[in-house]
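Note that these values count all heavy atoms, side chains included, but never hydrogens, waters or copies made by symmetry. The sequence lines fix the lettering, A, B, ..., with proteins before strands; numbering per chain opens at 1. As the structure is a prediction and not an experimental result, all values here were calculated from the model.
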Protein chains: 2
Amino acid sequence: MTNPLSHSLRSDARDNRERILAVARTTFAAQGLDVAMREIARRAEVGPATLYRHFPTKEALVTEAFREQMTACTAVVDEGLADPDPWRGFCLVVEAVCEMQALDRGFTAAFASAFPRAIDFAADRERALGKAAELVRRAKAAGGLRADFVLDDLIMVLMANGGIRTTSPDDAVTAARRFAALLIQGMRADRAGPPLLPPVRPHRRRS
Amino acid sequence: MTNPLSHSLRSDARDNRERILAVARTTFAAQGLDVAMREIARRAEVGPATLYRHFPTKEALVTEAFREQMTACTAVVDEGLADPDPWRGFCLVVEAVCEMQALDRGFTAAFASAFPRAIDFAADRERALGKAAELVRRAKAAGGLRADFVLDDLIMVLMANGGIRTTSPDDAVTAARRFAALLIQGMRADRAGPPLLPPVRPHRRRS
DNA sequence: ACGCTAACGGAACACCCCGTCCGTATAACT
DNA sequence: AGTTATACGGACGGGGTGTTCCGTTAGCGT
């Protein structure tokens, strides 16, 4: 019902799978991707073999665990695109994504491809980036976003936001909001100040 | 001469020590702190035991390797304080430190205490932060920096800047400059836009 | 030149990681 | 209830890390 892949699985197997995914999501969110597979298995009250039977590799588990987060992210971008005021839509997206990153350390790492090599988010990632590019274009056309802003700047900002570490989740989201607010002021077209230096393309795997 | 600790050391030991430190500095700068001790020993053409005889633990090596970077950092803050225009001094410091972080990944991690637990930079770190607080105070008094800016915002910005990863060092410094320029525009007092949310204190080890 | 001690470095230790094998238990179907 | 295939989990292998032991080398003072 809830999961299209849940057919043809024995009941205990399906339960275990969901329990593993739930544990993986919360643990990755709280501690980042540097969590041992054994630890996730232990918290899910499952043997390591069971974990690996459901997800053949750690990368597979991470990919599956953050699939919904990824769609939520693109949904946010769509929401921003739907806003009648492009600049406001842009600001909302920046704030929302920063907050999402603050609430989920693992998502930050997964999105930035901090994991060994290009997860497989490639597809969703590129799609979201395409929409974000459109958002940037409109925000600039509307006169809200400074003209020398480029899509890669947005990626850079998100990467930077991911670097903020705090003690508690509450502090994390407050800091992210404050960070986003500061940045957004710097992105405004009016009183943009001296022109920015030439933009740089942040690193992208799969050269 | 150059090093006050170099007395009472045999010639080969002194050579090895300096070679190890040189290798550690360049390697940490290029690849961050996640470098195996064996790797540093190998590059310095030294056995692991020699490395550990000079630096009893990895933390000790890191601390010693970044001591001069730390003093360079405080020197930058002093330079900013010496500037007749507090706002310009503040901007210069932000730009310079961001650039330093871009050029040295290890320093970023060491400064942010990303290493296991509180290195020992505590003293220098607190001293530098004290001077930075004075810099912030003056920049606000001069009317250049927005009034709701706090010292912790500066720490947050530096932490964020450390999160930016690029492929080449050239890209890193370009990105850092661009990032700093964007942020500085958001920090300006004129046209500050809506007030920021309540500030948050970023995490500090040694509770 | 000699001897003594400081310094060296390869091998080994203890720990943790990801991923796998195989004998056992249990859900599902008759 | 009996049977069977599916799923389970403890134990294992291979590789990596920080750190230490100990037999050997080599600088330095005489």
Which residues pass the salt bridge (charged side-chain N to carboxylate O under 4.0 Å, His left out) test with A/R19, sequence neighbours left out?
-> none
Among all residues two or more places apart in sequence or in another chain, which pass the side-chain hydrogen bond (donor to acceptor under 3.5 Å, both in side chains) test with B/D85?
-> none
Summary of side chain to side chain donor-acceptor pair (under 3.5 Å) pairs that have at least one residue in residues 72-81 of chain B, sequence neighbours excluded = B/D78-B/K131
A/E99: what forms a side-chain hydrogen bond (donor to acceptor under 3.5 Å, both in side chains) with it, not counting sequence neighbours?
-> A/R177
Students should find that the nucleotides of DNA chain D closing off the region near chain B, any atom under 4.0 angstrom from a heavy atom, are D/dT17 to D/dC28
DNA chain C contacts among residues 34-46 of chain A, heavy-atom distance under 4.0 Å | A/V35, A/A36, A/M37, A/R38
From CG of A/L61 across to C1' of C/dC18 the rounded distance in Å is 13 Å
When you match B/P56 and A/A13 each to their closest nucleotide on DNA chain D, which lands nearer the 5' end?
-> A/A13
Kindly write out the residues that satisfy side-chain contact (heavy atoms from CB on, under 4.5 Å) with B/A96, not counting sequence neighbours, or none if the list is empty.
-> B/V76
With B/V94, which of B/L135, B/L158, B/I184 fulfils side-chain contact (heavy atoms from CB on, under 4.5 Å)?
-> B/I184
Salt bridge (charged side-chain N to carboxylate O under 4.0 Å, His left out) pairs, two or more places apart, involving residues 22-38 of chain A | A/R25-A/E68
Residues in side-chain hydrogen bond (donor to acceptor under 3.5 Å, both in side chains) contact with B/D15, at least two apart in sequence or another chain = none
Treat primed atoms plus P, OP1 and OP2 as sugar-phosphate and everything else as base, then score nucleotides 21-28 of chain C 5' to 3': B for base contact with protein heavy atoms under 4.0 Å, S for sugar-phosphate contact only, - for none.
-> B----BSS
Report the distance from atom CZ of B/R14 to atom P of C/dA6, rounded to the nearest whole Å.
-> 18 Å
Contacts of A/E45 that satisfy salt bridge (charged side-chain N to carboxylate O under 4.0 Å, His left out) - sequence neighbours left out = none
Sequence-distant partners of B/F179, ring pair (Phe, Tyr, Trp, His ring centres under 6.0 Å), two or more places apart | none
